Amino acid sequence: MLAGLGALGAAGTIGVAGCSRVPTTGKAGEGNLLERIRAQNTVRVGIAGEVPYGYINDQGELTGEAPEIAKVIFNRLGVENVVPVPTEFGSLIPGLRSQQFDVVSAGMYINPQRCEQVIFADPEYVMLDAFIVPKGNPKGLNTYEDIVRTGAKMATGTAYAEIDYAVAAGVPRDEMLILPDQVAGLAAVEQGRADVFAGTSLTVRLVVEGSDRAESTEPFQPMVDGEPAIGAGGFAFRPSSTVLRDAFNRELRRLKESGELLEIMRPFGFTEDEMTDLTAKELCAS
C-alpha cells in the first residue's frame, strides 16, 4: 500500500500532529477545509484502485477499507457525500497537494518521507509484506534477502514502500520492474516477466485468489538497517488542513475505542492482528 506504499498499499514506500516537518496552520491557503466541505456537503477522496484499500467495485461503487471508514467519519462530521477521484498510487500525494481532491483515502503507509509532504491521521491498520510468486515458489523467495541471494527479478508497484525495503536489503533499484498495481504484478509473475512481486500481505493474498499459476508467500516483517519497517496505513491531508485532520482523528479514535473500526474493515480481510494503537506522530519520527 499500499498498499503497499500502501503502504505504503495497497496500496501501498511509512504521520499526525506533532510531525514538525510540515506547517501546522489550519487556514493557510485554502481556508478551513472542514467548514468548506460541510457547506458543500461533499468531500473528494483520492483512491488508487487497490483492493482492499480503496477502489471502485464491479457495480461502479466506491468501496475498500479506507473509503468505508471515510463514509462513516465524514458523515459524523456532517458531510454526506464521499466522492472518489481515482488516480495512480504515485499521483496521490501530488494530486492532494494540487487540490485535485481533499484527502487521500487509500490506506497509504505513513513514513517520514511522506510526512515531509503531507500530514496524516493516525493509522487504521498495520501490515506485513508478502510476495506473489509462481506456483510452488521455485526460487524459494520469502524475504527481500532471498531476492538478493538468488538474483531474482523483482517487481513492485509505483511509489510502493516495498521499493525502499528491497533497496535496503540490497536489491538494485534500477533492476526492479515498477508496475502500476498488484494486478499488473500478478500478470508479470504469471507471464514470467518477473520472478516475484512485492506488496502488502493482504493485497497479495487477495489478488492471487483464483490464479492457477501464482501464489502468495507467508507474510513477513521487512527490515531496514536492522530495525523492523513498520507498514501502517492512514488518511493523508494537505499540511494546511490541520482542522480537518484533527476532527477526523478524533472520530477515528472513537471508532477504535468502540470496536467499530474492526467491524468496518473486517469484510475486506482485516483481523484483530492488523489493528494498531500506533500514532502518526510516532511513524513520522521513525
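Because the structure is a prediction, the values reported are computed rather than measured.
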Could [X] and [Y] be called an ion pair, given the rule that one side-chain N must be under 4.0 Å from one carboxylate O?
X	Y	result
Glu263	Arg266	yes
Asp277	Lys256	no
Arg44	Asp102	yes

Does one side chain, of [X] or [Y], offer a donor that lies under 3.5 Å from an acceptor on the other?
X	Y	answer
Thr87	Gln100	no
Glu260	Ser258	yes
Tyr53	Ser105	no
Thr158	Glu88	no

| field | Phe120-Phe237 aromatic ring centre distance below 6.0 Å | value | no
Rounded to the nearest 0.5 Å, how far does [atom2] of [Y] lie from [atom1] of [X]?
X	Y	atom1	atom2	answer
Arg36	Arg38	CZ	CZ	13.5 Å
Glu218	Asn142	CD	CG	8.5 Å
Lys135	Glu190	NZ	CD	9.5 Å
Leu206	Leu202	CG	CG	4.5 Å

| request: Apply the test side chain to side chain contact (heavy atoms under 4.5 Å, CB included) to residues Phe248 and Phe235: give CA-CA distance (whole Å), side-chain angles for both, the deciding distance (0.1 Å), then the verdict. | output: CA-CA 9 Å; Phe248 186 98; Phe235 285 72; 3.5 Å; yes
| note | Exactly one of Arg245, Gln117, Arg97 clears side chain to side chain contact (heavy atoms under 4.5 Å, CB included) with Pro239, and that residue is Arg97
| remark: Paired with Phe131, the ring-ring contact (aromatic ring centres under 6.0 Å, His included) test is passed by just one of Phe220, Tyr165, Phe197, namely Phe220
| task | Using atom types as modelled and distance alone, determine if a side-chain donor or acceptor of Glu215 lies under 3.5 Å from a backbone N or O of Gly136. | result | yes
